[in-house]
Number of protein chains: 2
Amino acid sequence: MADVAREAGVSVATVSKVVNGRYGVSRATLEKVLGVIADLGYEASLGARSLRSLRTNVIGVLVAEFEPFSTELLKGVSDAIDSTGYELIAYSGRHHGETVGWERRSLVRLAGSVIDGAIVVTPTIVDAEIGGIPVVAVDPHTGPVDVPTVDADNYAGGVIATEYLLGLGHRRIAHLSGRPDLESARLRERGFREAMARAGVEVDERLVVVGGFRAESAEGPARELLSGPDRPTAVFAANDLSAIRTMEVARSLGLRIPEDLSIIGFDNVPESALATPPLTTIAQPLKAIGAAALQMLVTMLDGATPAPAHVRLPTTMVERASCRAL
Amino acid sequence: MADVAREAGVSVATVSKVVNGRYGVSRATLEKVLGVIADLGYEASLGARSLRSLRTNVIGVLVAEFEPFSTELLKGVSDAIDSTGYELIAYSGRHHGETVGWERRSLVRLAGSVIDGAIVVTPTIVDAEIGGIPVVAVDPHTGPVDVPTVDADNYAGGVIATEYLLGLGHRRIAHLSGRPDLESARLRERGFREAMARAGVEVDERLVVVGGFRAESAEGPARELLSGPDRPTAVFAANDLSAIRTMEVARSLGLRIPEDLSIIGFDNVPESALATPPLTTIAQPLKAIGAAALQMLVTMLDGATPAPAHVRLPTTMVERASCRAL
DNA sequence: CGACCGGTGGATAACGTTGTCCACCGCGCA
DNA sequence: TGCGCGGTGGACAACGTTATCCACCGGTCG
């Protein structure tokens, strides 16, 4: 900045004013300084700026890991950020095998020097303010908290999936549930039970088993479910990964899909469209979730309180070929 | 830091020494200070630190966009970084529709205040040093440059794929090539031609068409290739996306795979395993590439020159079910 | 017994920016 | 003509950290 000032024949203070679009500088000086900045390719030091002004115009997205879910979300945030004037960095905090407290530590480190606010996409929840910066949580897995949140309507998704199967005439419907410690999984199961109850169909508890959210963890329970004496005609799996694995298990048991068994998943991951047969599933509007979270965070950065503090976006069904009418 | 110093009854200078593991602090003071730091949850301000010491211990990965390719690579870097003592941030630079120069601008902004070095995963290449920080390029698309680079052996991959098809007895082999402006695509085609020449099989130029790297761009050329009078018995597609679309086109033309047409792809994207039939393809060691790039960058950060300056990792074939012997 | 030396901790000056004053200059109005 | 005022630019002190000194203290060696 000193270089720019010298080259333009003004003081650093004036350059600072120009850079920050402050009032009190004549048009002639403004253009002169702007010209020099362009010539020299000057970029303000983020560190020094934040040190002084406590603002960096950068927001961070903290993810547990870079996988399809968080990546798609990131894309949503990335698309939406252009209009806000903020920059975006993504940050994966899990390190050194520490499993607890890393979110907080990661956030604190960047807060107050690199980022003005954060969107956290992690299972364990944090406070509404960490290191003095506002935080929005996406898909919080641990129930109601005081942090502003954005998530998909997992409950409604469970209802939609179940009602779809009921509408196709199925009555013996199994639910391969997700990780019981995660709120999203519990909500999907609640939706399932609610839809069954509303339709007056009793849930056979032997048909509700925990499958987790990974293919491997679902394999055993799926096999158990399908090799019993009185097997279901349809399965609502808590996510696509377990649904796809369930299809494979079914095939290995000689069951055809959807002729002998209907399966519906949750999440609409890219693979589900390519599975054999293509998987009918419930889609989460990941990009919209990312965009909404960003919007809330920007509101908070402007000093306002986002209303509502908890946004729940609708889930929709993607009908493919893994279910059939009974 | 002042708080910590007061609480521990020492000066800020001493706290700084403790934080940085500098010599000249007694064990007693060390532990005292460490204890207070833990109590207060103190985290050094990255901005201030870099302002003074020109080091942040953070390296950045600059990607054009968050898609499967860069995400997998990111995971490789992320896995490898634990042992280095550096932190990782990812950064997507494309903004506001600017298509040129954004890499440089993004890098300069973060350089010198946030990151100590960068791994760039972008098509257009940059200088070896930007804003004074070292840079490693991954999969540079524009041929030899003076930046240290890491990429997969696209040429050998082309050879392997073609020789595989030749070994299955195919002679009329088509190549659906990638974006001609990208070095990786040209190398894959070179590998194809070399393998054909070595086997003494002449390339029918009508069977070499540009398909690009996206499913949509490949559809037309694929259809043209397969509906001609003297259609090929095998297709080597420049990437999996175009290969999968080619399979769909083939099916729509009444061709069975692999009975009537063998297809091999490139990249081994997750979808390829789930395609119908599962796609035989050439895999790039994405995680290894990320890890190698990180290793080179760390070497450069230590002041050394990485040797060799260009690392080329081997591609391997993943044999699935989309090819058969003639 | 005195000087030196290793070991320890502190004072202090940067690093590059921004916000707050303050000074100056020319013009209009009393 | 003198005073005030708006418009412009600059001086200067922070922000939180680190590197470079420098001071002190106890012990040891000559």
Side-chain angles (χ1 to χ4, degrees), chain A residues 1-37 40-58 85 87 108-116 131-133, chain B residues 1-37 40-58 85 87 108-116 131-133:
Chain A
M1 189 178 247
D3 294 349
V4 174
R6 191 175 334 108
E7 189 75 18
V10 297
S11 73
V12 290
T14 305
V15 177
S16 174
K17 283 182 192 166
V18 170
V19 170
N20 292 64
R22 282 278 180 292
Y23 182 74
V25 43
S26 71
R27 171 166 296 274
T29 330
L30 183 90
E31 281 170 3
K32 172 87 185 164
V33 172
L34 249 26
V36 174
I37 286 180
L40 268 50
Y42 164 79
E43 279 281 348
S45 154
L46 222 47
R49 164 175 299 179
S50 89
L51 192 57
R52 178 63 176 127
S53 69
L54 307 179
R55 282 195 71 109
T56 60
N57 284 338
V58 175
E87 301 262 2
V108 170
R109 167 165 299 126
L110 266 58
S113 43
V114 180
I115 59 177
D116 287 345
I133 63 167
Chain B
M1 189 178 249
D3 293 350
V4 174
R6 193 176 330 111
E7 189 75 18
V10 297
S11 73
V12 290
T14 305
V15 177
S16 174
K17 284 181 191 168
V18 170
V19 170
N20 292 64
R22 284 276 179 293
Y23 182 75
V25 176
S26 71
R27 171 166 296 271
T29 331
L30 184 91
E31 281 170 4
K32 172 87 186 165
V33 172
L34 249 26
V36 174
I37 286 179
L40 267 51
Y42 164 80
E43 279 281 347
S45 155
L46 223 47
R49 163 174 300 180
S50 87
L51 193 57
R52 179 60 180 141
S53 69
L54 307 180
R55 283 194 68 110
T56 60
N57 282 338
V58 175
E87 300 262 3
V108 170
R109 167 164 299 126
L110 265 59
S113 42
V114 181
I115 59 177
D116 287 344
I133 63 167

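Chain naming here is simple, since letters A, B, ... match the order of the sequence lines and numbering starts at 1 in each.
- Between B/L30 and B/V25 the shortest heavy-atom distance is N-CG1, 3.8 Å.
- Taking CG from B/L110 and CD1 from B/I115, the interatomic distance works out to 5.0 Å, rounded to the nearest 0.5 Å.
- Screening A/R6, A/E7, A/M1 against A/D3 for a side-chain contact (heavy atoms from CB on, under 4.5 Å) leaves a single residue, A/R6.
- Put simply, the side chain of A/S50 gets close to the backbone of A/G47: a donor and an acceptor are under 3.5 Å apart.
- B/K32 NZ to B/S26 OG: the interatomic distance, rounded to the nearest 0.5 Å, is 12.0 Å.
- The heavy-atom pair separating A/V33 from A/V4 by the smallest distance is CG1-CG1, 4.4 Å.
- If one axis is set at each end of the helix from C/dC1-D/dG30 to C/dA30-D/dT1 from five pairs, those axes are 60° apart, to 10°.
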Inset, instruction - Sugar-phosphate means primed atoms, P, OP1 and OP2; the rest is base. With that split, encode nucleotides 10-20 of chain D 5' to 3' as B, S or - using protein heavy atoms under 4.0 Å. - result: BB-BBBBBBB-
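- Note that CG of B/L34 is 10.5 Å distant from CZ of B/R27, once rounded to the nearest 0.5 Å.
- Close approach of DNA chain C to chain B, defined as any atom under 4.0 Å from a non-hydrogen atom of the protein, starts and stops at C/dG7 to C/dG16.
- Within the model, atoms CG of A/L51 and CZ of B/R52 stand 13.0 Å from one another, a figure rounded to the nearest 0.5 Å.
- Contact annotation for A/S50: no contact, since no heavy-atom pair falls under 4.0 Å across all strands.
- Here A/L54 contributes atom CG and A/I133 contributes atom CD1; the two are 12.0 Å apart, rounded to the nearest 0.5 Å.
- B/R55 CZ: more than 12 foreign heavy atoms inside a 6.0 Å radius.
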